[in-house]
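All values reported here derive from a predicted model rather than from experimental measurement. Note that these values count all heavy atoms, side chains included, but never hydrogens, waters or copies made by symmetry. By convention in this document, chain letters (A, B, ...) are assigned in the order of the sequence lines, proteins followed by strands, and residues within each chain are numbered from 1.
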Number of protein chains: 2
Amino acid sequence: MSTPPSSTKARTTRHAATLADVGREAGVSAMAASAVLNGAKTSARISDETRDRILEAARRLNYRPNATARALTHRRMNTLGLATTLSRDELNQYFLEVFNGVIEAAAELGQNTTVFALPDWAQGAARIPQLCDGRIDGLILLAPLLGAEDARFLPDHTPIVSIHANVDFPGVINLESDEEAGAQAMVSHLLALGHRRILHLAGPSHSLGARRRVDGYRRAHELAGIEPPPDHVVVGDFNTESGRRLLTQWLQAHRGEEMPQAIFAGNDAIAMGCLDVLTARGIAVPQQVSLVGFDDTVLARAARLATVRQPLRELGQRAARLLVDSVDAKLGDAAPPTVTNLVLPTELVVGTTLGAPRSQPLRIE
Amino acid sequence: MSTPPSSTKARTTRHAATLADVGREAGVSAMAASAVLNGAKTSARISDETRDRILEAARRLNYRPNATARALTHRRMNTLGLATTLSRDELNQYFLEVFNGVIEAAAELGQNTTVFALPDWAQGAARIPQLCDGRIDGLILLAPLLGAEDARFLPDHTPIVSIHANVDFPGVINLESDEEAGAQAMVSHLLALGHRRILHLAGPSHSLGARRRVDGYRRAHELAGIEPPPDHVVVGDFNTESGRRLLTQWLQAHRGEEMPQAIFAGNDAIAMGCLDVLTARGIAVPQQVSLVGFDDTVLARAARLATVRQPLRELGQRAARLLVDSVDAKLGDAAPPTVTNLVLPTELVVGTTLGAPRSQPLRIE
DNA sequence: CTGAAAGCGCTAACAA
DNA sequence: TTGTTAGCGCTTTCAG
């Protein structure tokens, strides 16, 4: 009923109305229309009478501003980019948490977010310049596994913020959380509970975060004056499949020996893989083996996993805000952010997969 | 070492080099450069000699094509939009699964994906026209809670594909899965196991999907010739908090009566809320109460929840492909897709939260 | 084989 | 208060 009869034309019209069209319809210049409809900074004011004519014409023609044209003149798309690797096998919960923070903060600042899914960082680095081609105003690199030599791929003209970068890049603000402290706190907690044989299934050794978690594991032992058992740190990847594979292989290789009392997984996904293996073997968690993860993604919450919480959403929010500040600064609208590195604290999350060690050791079958 | 010494200039340069710059540097016109560097359809060929000069100049100036300028002439950004509501309280796993499919298929077709997070559909509908302003070539509406009257907000000039729409919009391709069949199959399975008092905690009644799941619940009972117990369908929202709240309230309202033998949650998030409540009350799943969800998100996989699998990733992939086809068609590059509606099958996933009913009924405390 | 000119839609600077 | 001009960076048409 309320739909005007004139709107019955077929969808998928070729073109939308332009400012020139509106101006013509209203009998004024395109720039008058621009001033009225898009708030362009014109030197003078428009009279109320012509303003109304323009608004009416715009409504009649169903005028919509064209974002690419505006971007061309303003040198700004009001869009942030978020580049990361997304496996097609497994959903990346780490990404989802950060992404939610980014998109939320970006929206509050009137910015859109486009996601660039790179197949991997080795290939992806070379593609970064192509992303910074005006379609985004700034780029967030999420957990980029890049080396110092990849700095050559970072373009001059686009502000960049990284989260959990592997190396410091000049001119790039990096955000991270204190992973070593978090890992150390968790392992210290395990040691305090009486666990002595703690198996650590780590992420890849070329990941700084993975190395820091190993450092935390070692440091907790040092602080407690305890020598970690040999061969209890294993390197793999940050996904569930790796957790399954690593634990299975490790248990096979150590058959007949004493079962670890606790497993400290490099992240929650790895922990989920461990849970699969333990469940399949009928090993009760935490009665027979304690299991803890890292990140506090939804995986941990769904499985009630003990874990180390990283403020992922907040990292995303802060990255977006700092990036928008950088973009504003580049365009001369504001002072650039002074911070170049931000480390947020981590926090222990005690789920139901963490208990005291058994009095008598279990044997690996 | 391999970094050229000329790259020591400060980051955040104001402008990138343009085609005109490259042309000047190479002593040719901008359009020759355009033809060589961006493959513009020029009427004639460029000689190898000038081509080399241009390539060399571009390399020297570090030329990068400007996406907004190209978009302005091509009328195409090579970017798809994905509009959905994202709560700031709870991560939307449904979104993540679909999004992964979209971004994957889009990337294969050389398209980027930008996500528009709407606060809610009631407000969001009016914002759709602003999204279709040239920054994206086509739009995917993810589970839009829109009514037929909202069709007026869908712009003429941007192809649109919806996933799990509530109503059919003219000219909009809709993709969905057979939710009623999935719900019916699950409830039939419960009935076949001997469950008779099955509590259904549904999604909101203005959601077509929620209603279809209720229909499936009813239909399964009909097919089995069983009258569903009274007051065993409760309407709420599609999130964990709603699951917690609904079940708590329901149990309070039905204190002293017989405990349901099974709970069929409207989606996995609701099921997670139920799991919280059951765990808190010390009710064992599935020994005392069976629990099943819907969607097969990562929540279900992490909690080993029985659920109804919707091919969410595939829905995302197909939506992206159909949308790109529509965009191509609009630009005259191809024939438009002939399909207007696509229904994919669902599938039962039997987790560990589903068992036979207890012989003697439990009382609600 | 190459260049000049015009235009995509919008906006800032300058005239009137 | 309004219009004219020029240009953002790129591409296509048409003339050389």
Requested in this report: Return the angle between end axes of the helix from dC1(C)-dG16(D) to dA16(C)-dT1(D), with five pairs used per end and rounding to 10°.
Outcome: 50°
Query raised in the report: Atom CZ of R135(A) and atom P of dG9(D): how far apart are they, to the nearest Å?
Result: 17 Å
Query raised in the report: Given dT1(D), is OP1 or OP2 found less than 4.0 Å from the side-chain N or O atoms of S47(A)?
Result: no
Query raised in the report: For E49(A) and dT2(D), what is the distance between atoms CD and C1' respectively, to the nearest whole Å?
Result: 12 Å
Report task. Have a look at T68(A) and say if it touches a base, only the backbone sugar-phosphate, or nothing, with a 4.0 Å heavy-atom cut-off. Result -> nothing
Report summary line: Whichever of V28(B) and N66(A) has the more 5' nearest nucleotide on DNA chain C, that residue is V28(B)
Report task. Would you mind telling me which of dC10(D), dC1(C), dC8(C) lies closest to the side-chain atoms of T18(B)? Result -> dC10(D)
Query raised in the report: Hey, which of these two, A32(B) or A69(B), hits DNA chain C nearer its 5' end, going by closest nucleotide?
Result: A32(B)
**Report entry** Shortest non-hydrogen contact from V339(A) toward L322(A)
**Finding:** CG1-CD2, 3.5 Å
Query raised in the report: Is there side-chain contact between V102(A) and Q317(A), with heavy atoms separated by less than 4.5 Å?
Result: no
Requested in this report: State, yes or no, whether a side-chain contact exists between P159(A) and V327(A) at a heavy-atom distance under 4.5 Å.
Outcome: yes
Report summary line: Atom CG of L19(A) and atom P of dT11(C) are separated, to the nearest Å, by 6 Å
Query - Integer-rounded Å distance: dC1(C) C1' and R51(B) CZ - result: 12 Å
Query raised in the report: To the nearest Å, how far apart are Y63(B) OH and dG9(D) P?
Result: 10 Å
**Report entry** Under-4.0 Å side-chain N/O to phosphate OP1/OP2 contact, R75(B) with dG9(C)
**Finding:** yes
Report task. Please report, rounded to the nearest Å, how far the P atom of dC8(C) is from the CG atom of N38(B). Result -> 20 Å
Query - Separation of atom CE in M77(B) from atom P in dC8(C), rounded to whole Å - result: 19 Å
Report task. Kindly say if S29(B) contacts the phosphate of dG3(C), meaning a side-chain N or O under 4.0 Å from OP1 or OP2. Result -> yes
Query - Polar side chain donor-acceptor pair, T85(A) to D120(A), under 3.5 angstrom - result: no
Query - Charged N-O contact under 4.0 Å between D328(A) and R76(A) - result: yes
Query raised in the report: In whole Å, what is the span from the CG atom of L37(A) to the P atom of dG9(C)?
Result: 15 Å
**Report entry** Minimum-distance nucleotide (side-chain atoms of P65(A) versus dG9(C), dT11(D), dC10(C))
**Finding:** dC10(C)
Let me have the donor-acceptor pairs involving side chains of residues 122-132 of chain A, under 3.5 Å, with sequence neighbours excluded, atom names and distances please.
none

Side-chain donor/acceptor pairs under 3.5 Å, residues 105-116 of chain A, sequence neighbours excluded:
from	atom 1	to	atom 2	distance (Å)
E108(A)	OE2	R88(B)	NH1	3.4
Q111(A)	NE2	N78(A)	OD1	3.3
Q111(A)	NE2	L109(A)	O	3.1
N112(A)	OD1	R135(B)	NH1	2.1

Requested in this report: Of all the heavy-atom pairs spanning L331(B) and R75(B), show the shortest one and how long it is.
Outcome: CD2-O, 4.0 Å
Query raised in the report: Does dC8(D) have OP1 or OP2 sitting under 4.0 Å from an N or O in the side chain of R70(A)?
Result: no
Query raised in the report: Which one, dT11(D), dT11(C), dT4(D), comes nearest to the side chain of M31(B)?
Result: dT11(D)
